[in-house]
**Q** 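This is the structure I want to talk about, given as structure tokens.
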Amino acid sequence: MDLVDLAMQGLSVFGFILFLVLWFMHFMSIIYVRLCLHKKSGDKQPYSKLAGVSLLKPLKGVDPNLINNLETFFELDYPTYEILLCIQDYDDPAVDVCKKLLGKYPNVDARLFIGGKKVGINPKINNLMPGYEGAKHGLVWICDSGIRVKPDTLTDMAYQMTEKVGLVHGLPYVADRQGFAATLEQVYFGTSHPRSYISANVTGIKCVTGMSCLMRKDILDQAGGLIAFAQYIAEDYFMAKAIADRGWKFSMATQVAMQNSGSYSIGQFQSRMIRWAKLRINMLPATICEPISECFVASLIIGWAAHHVFHWDIMVFFMCHCLAWFISDYIQLRGVQGGAPVFSKLDYAVAWFIRESMTIQIFLSALWDPTISWRTGRYRLRCGGTADEILDV
């Protein structure tokens, strides 16, 4: 057997291993969604005994949905919690929105912090520092400005915070909104993203996004507090790692973290995906293998292996494999949605195809330029997850 034959056999074995791994992820994610999401969590302790929570809300700017999103936090059904609204700039229009809600809900324990505290390059951490230092409860809930909640969302998360759990997080998803850009976001957060996110967490890999995280404050303090994570742009990854390194478990809420930003477009979605890919590549170099887990590339690799071993037609296999992927993604999307999506199956098909077609371009764009723009700053990422702020001269 010459080297060419050996290489061909090795690639064939790799193709079949890839097939097994990817479809295991598909089935694992679909089953988890069906069994665990949108289910009422069991009452692990009396409602009145639930621990107090300090909600840290980083705010910057105003979009059409901001006041409605924020108001859902003032209407939470939870025994003891405080809302700590954090804004960096005194002239930010979000200040007026917060003051309006503070006046409308005088009985809710809520405070407004303006000015932030410069402790590192991460603007979110800088913004949250005064609120974190003023938090008076043992649990802190960091939740992005674009998130909308139900009255029992915090109760659901608190019930998951058992004695061995140090962090509870929500699976990111997107609220029903108008327009194709909203459909594209829903398809991504209902198919590709939860497949990787859920599979990682089920198999013990700590995969957490910082959109909605409930954490034990004493563990964060042991790690140095929020200031310890100000050197990173992806602070959520390193906060989760610090909690896991101290032996604490993670739990996922039964409700999704419902993103409901009033400002969205295909361009914004694409930029967001590129920024996330850049962060993953710099934190975890193995991310460079990520494209082979996407539908079109994976189908070609597996199709080639099937052709080499069984002499099947590559293009016929490619089309059949993509169709099976397309159908399983729709099943998962319905599970994450909790029913049929508001858009048609044709809209789903178009959005799915466009999203899958964008993956290579997004990945190459992330490799091409190591800098990212986030909030009002620009940063040059370094291996390991740290970054340097780029200052305009």
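Side chains are part of it too, since the values below use all heavy atoms of this structure and drop only hydrogens, waters and symmetry mates.
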**Q** Could you measure the distance from the NZ atom of K206 to the NZ atom of K249? Nearest 0.5 Å is fine.
**A**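 Separation between the atoms: 8.5 Å.
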**Q** Between the side chain of S29 and the main-chain N/O of M25, is any donor-acceptor distance below 3.5 Å?
**A**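 No, S29 side chain to M25 backbone: no donor-acceptor pair under 3.5 Å.
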**Q** With no hydrogens and no angle check, is any side-chain donor or acceptor of D152 less than 3.5 Å from a backbone partner on T155?
**A**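 A pair under 3.5 Å: no.
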**Q** What distance separates S357 OG from F296 CZ, expressed to the nearest 0.5 Å?
**A** 4.5 Å
**Q** Could you give the distance from CZ (F74) to CG (L55), rounded to the nearest 0.5 Å?
**A** 9.0 Å
**Q** Could you list the donor-acceptor pairs under 3.5 angstrom formed by side chains in residues 81-94, with sequence neighbours left out?
**A**
from	atom 1	to	atom 2	distance (Å)
Y81	OH	F73	O	2.8
E82	OE1	R111	NH2	2.6
E82	OE2	S54	OG	2.5
E82	OE2	K136	N	2.8
Q88	NE2	G115	O	3.0
Y90	OH	I114	O	3.4
D92	OD1	G61	N	3.0
D92	OD1	A94	N	2.8
D92	OD2	G61	N	3.0

**Q** Of the options K57, K124, K60, which is the one that meets D144 in a salt bridge (charged side-chain N to carboxylate O under 4.0 Å, His left out)?
**A**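 Between D144 and the candidates, salt bridge (charged side-chain N to carboxylate O under 4.0 Å, His left out) is satisfied uniquely by K124.
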**Q** Any chance you could measure E235, atom CD, to L128, atom CG, to the nearest 0.5 Å?
**A**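 So the gap between those two atoms works out to 8.0 Å.
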**Q** With sequence neighbours left out, what residues match P370 under side-chain contact (heavy atoms from CB on, under 4.5 Å)?
**A**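 P370 satisfies side-chain contact (heavy atoms from CB on, under 4.5 Å) with no residue once adjacent residues are dropped.
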**Q** Hey, what else clusters with L35 if you join Ile, Leu, Val, Met, Phe, Trp, Tyr whenever side-chain heavy atoms sit under 4.5 Å?
**A**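 Besides L35, the hydrophobic cluster comprises I31, listed by chain and residue number.
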**Q** Given 3.5 Å as the limit, does a donor-acceptor pair link the side chain of N122 with the main chain of A230, or not?
**A**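 Checked: no pair found.
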**Q** To the nearest 0.5 Å, how far apart are CE in M283 and CZ in F238?
**A** 6.0 Å
**Q** Looking at R380, I'd like to know if its CZ atom is crowded, meaning that more than 12 non-hydrogen atoms belonging to other residues, nucleotides or ligands lie closer than 6.0 Å.
**A**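 No, because the 6.0 Å sphere around CZ of R380 holds 12 heavy atoms or fewer from other groups.
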**Q** Only pairs at least two apart or in different chains count here, so list each side-chain hydrogen bond (donor to acceptor under 3.5 Å, both in side chains) that has a residue in residues 301-315.
**A** none
**Q** Of all residues at least two apart in sequence or in a different chain, which pass the side-chain contact (heavy atoms from CB on, under 4.5 Å) check with E290?
**A** R280, T287, S293
**Q** Hey, could you give me each pair passing side-chain hydrogen bond (donor to acceptor under 3.5 Å, both in side chains) that has a residue in residues 213-227? Not counting sequence neighbours.
**A** Y132-D221, K217-D221
**Q** Using the ring pair (Phe, Tyr, Trp, His ring centres under 6.0 Å) rule, pick out the option among Y197, Y173, F269 that qualifies with Y188.
**A**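 Option passing the ring pair (Phe, Tyr, Trp, His ring centres under 6.0 Å) with Y188: F269.
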**Q** Under 30°, 30 to 60°, or over 60°: which ring-plane class applies to F19 and H321, parallel, tilted or perpendicular?
**A**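 Answer is tilted, since the angle falls between 30° and 60°.
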**Q** Regarding Q332 and T191, is there a side-chain donor-to-acceptor distance under 3.5 Å anywhere?
**A**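 The criterion, which ignores hydrogens and geometry beyond distance, is not satisfied for T191 and Q332.
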